[in-house]
Every structure is written in structure tokens, then in C-alpha cells.
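Before any comments, here is the structure.
In each ligand, atom 1 is the first atom listed, and ligand 1 is the first ligand listed.
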Amino acid sequence: MLITPAQLLDEPLSLNESFSEGSLDYAPDLRQVGPITLKGLAELLVEHRGPRQFVQDIRLRASYSGEFEQLCARCLEPVRRRMEGTFDLIFRPASADSQAGEHSITEDETEIGYYEESGLLLEDAVREQVLLALPGRILCRQDCKGLCSHCGINRNLSSCQCVDEPVNPRFAELAGIAIAHKG
Ligand SMILES: [Zn+2]
Ligand SMILES: [Zn+2]
């Protein structure tokens with residue numbers, strides 16, 4: 001859903017959206033299960049930067065909730081979890097700060113994002129919030145035994161006869177995927 005300043009000129013826009021599974025791209029180790037719901041409000045904030053110069057910011061306040069599957073950092077089995085959160089963000093037109101000397105992001109303005117000329121894509125904002133809220137690594141259980149670094153077998157499910165031989169780099173790399181993400 002694209003939100004444009006023109007839509008918000010007269011009054012704020014109430015949001016009551018549902019994003020179906022597969023409509024947003026997350027990270028390689030994260031999958032949305034079922035729809036995400038989002039409720040909130042988008043409104044226009046006008047920044048005056050000079051007598052005839054103003055910038056149309058979009059303020060987005062919303063809460064979301066959805067089910068996700070993230071891969072266990074050790075055994076790579078999907079772990080189901082519910083994620084929900086609220087956010088209050090301001091999006092400024094990307095062109096507004098692009099001129100030299102106009103880069104006005106200060107430390108207390110770190111919550112500012114940007115939207116492209118076409119408008120603010122709500123899906124992008126939601127995806128970013130989910131990724132920010134995501135823990136760097138997750139375990140299917142505290143004592144997950146992980147994958148055998150030699151043969152790749154899931155040691156929670158079965159055991160193998162491997163002894164200490166050189167690590168198969170392919171499985172070491174696989175096991176590292178989930179950890180490397182936002183690690
Ligand atoms: Zn595990
Ligand atoms: Zn093994």
C-alpha cells in the first residue's frame with residue numbers, strides 16, 4: 001500500500017491492513033506464517049524551511065502483529081514465534097535532504113526515514129520494523145545440540161558415528177547463516 005502526501009492533505013488516514021504470507025520479503029532465515037495485521041494512522045506533517053519552502057513529512061503510527069518462523073541458529077530448524085510491536089516514525093521525502101548543506105538529520109532525529117517520490121510504501125516500513133525487532137539469533141530450545149559439523153546430521157533427532165575429523169566447510173557455512181544475520 002502506497003501512502004502519498006496528497007492522500008493526507010484533508011485528514012489523517014486510518015490504517016487497518018493485512019499483509020498476506022509471501023507479500024513481504026524478509027531475511028533468508030525468516031518467514032512470515034499467515035497474515036500480518038496492522039492498525040494505525042498516517043498523517044501529514046509540514047516542515048517550514050523558509051518563506052516559500054516546505055517539506056511534507058508523513059508520520060506513521062501503527063502497531064502490527066504476526067506469526068513468523070525463524071531458523072534455529074544451531075540446527076536450522078524453523079522456530080515459530082509471534083511478533084508484535086508499535087512504532088511512531090516520521091518519513092521525509094528523499095529529495096528534501098539531498099541538496100548539499102541541507103542534510104539536517106541530527107541526533108534526536110534518528111527516527112526519521114525517507115520516502116521516494118512516488119510515496120511511502122507501507123510494506124517497506126513494516127518489514128523494517130519486523131527486522132529491527134528480530135532477535136539476532138534464536139534457538140529451538142536452550143539445549144539444542146545443533147548439527148554435526150562433520151556430516152550435517154541434526155543431533156537433536158539422531159546421532160552419528162563421526163569422530164573428530166576436519167570440519168566439512170559446507171555445513172560449517174550453513175550453520176553460520178542464521179548467526180551471521182544481524183549477528
Ligand atoms: Zn535447534
Ligand atoms: Zn556426524
Side-chain angles (χ1 to χ4, degrees), residues 1-3 15-42 58-91 105 107-116 120-183:
M1 179 189 182
L2 198 64
I3 301 172
L15 302 166
N16 196 348
E17 307 297 315
S18 172
F19 303 107
S20 59
E21 191 176 311
S23 58
L24 281 80
D25 269 338
Y26 299 94
D29 65 336
L30 184 71
R31 191 173 79 85
Q32 181 187 327
V33 182
I36 301 186
T37 55
L38 176 139
K39 283 195 171 79
L41 195 73
I58 295 173
R59 183 180 188 186
L60 185 60
R61 279 179 286 177
S63 57
Y64 68 87
S65 165
E67 292 267 336
F68 291 86
E69 273 182 2
Q70 188 178 2
L71 300 188
C72 170
R74 284 187 197 152
C75 71
L76 306 179
E77 285 298 310
V79 183
R80 182 75 70 98
R81 64 199 316 262
R82 168 157 287 276
M83 283 178 59
E84 44 200 8
T86 61
F87 56 90
D88 181 351
L89 297 168
I90 289 173
F91 295 87
I105 295 266
E107 266 183 54
D108 35 330
E109 279 186 322
T110 47
E111 292 302 293
I112 286 189
Y114 290 91
Y115 66 89
E116 296 303 320
L120 170 64
L121 196 61
L122 190 55
E123 285 84 343
D124 282 349
V126 173
R127 185 188 58 218
E128 199 178 316
Q129 290 305 306
V130 169
L131 290 175
L132 281 173
L134 196 68
R137 78 202 282 271
I138 192 170
L139 295 178
C140 60
R141 57 189 212 214
Q142 273 310 311
D143 62 344
C144 171
K145 298 193 185 83
L147 302 177
C148 170
S149 58
H150 303 298
C151 71
I153 207 169
N154 184 338
R155 289 157 131 182
N156 300 315
L157 304 173
S158 48
S159 51
C160 55
Q161 304 303 317
C162 295
V163 285
D164 260 341
E165 283 164 17
V167 171
N168 180 333
R170 188 178 122 73
F171 292 118
E173 196 181 304
L174 271 177
I177 289 176
I179 301 163
H181 169 66
K182 288 180 67 88

Going through the distances and angles, do Leu122 and Leu60 end up as a side-chain contact (heavy atoms from CB on, under 4.5 Å)?
CA-CA 9 Å; Leu122 190 55; Leu60 185 60; 3.7 Å; yes

At their closest point, which heavy atom of Gly136 faces which heavy atom of Gln70, and how far apart are they?
O-NE2, 4.3 Å

What closest approach, in Å, do Cys140 and Cys72 show between heavy atoms, and which atom pair accounts for it?
N-SG, 3.4 Å

With the Zn ion (ligand 1) as the apex, the SG/SG angle for Cys75 and Cys140 - to 10°:
110°

SG (Cys72) - the Zn ion (ligand 1) - SG (Cys144) angle, nearest 10°
110°

Step by step, work out the side-chain contact (heavy atoms from CB on, under 4.5 Å) result for Glu77 and Asn156.
CA-CA 10 Å; Glu77 285 298 310; Asn156 300 315; 5.9 Å; no

Under 2.8 Å from the Zn ion (ligand 2), which protein N/O/S atoms are there?
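Checking every protein N, O and S atom gives Cys148 SG, Cys151 SG, Cys160 SG, Cys162 SG.
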
After noting the C-alpha distance and the side-chain angles of Ser63 and Glu84, does the key distance pass the side-chain contact (heavy atoms from CB on, under 4.5 Å) rule?
CA-CA 7 Å; Ser63 57; Glu84 44 200 8; over 6 Å; no

Checking Leu24 against Val130 for the side-chain contact (heavy atoms from CB on, under 4.5 Å) test, could you report, in this order, the C-alpha distance in whole Å, the side-chain angles of both residues, the deciding distance, and whether it holds?
CA-CA 11 Å; Leu24 281 80; Val130 169; over 6 Å; no

Relative to the ring of Phe87, is the ring of Tyr64 parallel (under 30°), tilted (30 to 60°) or perpendicular (over 60°)?
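Ring orientation of Tyr64 relative to Phe87: tilted.
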
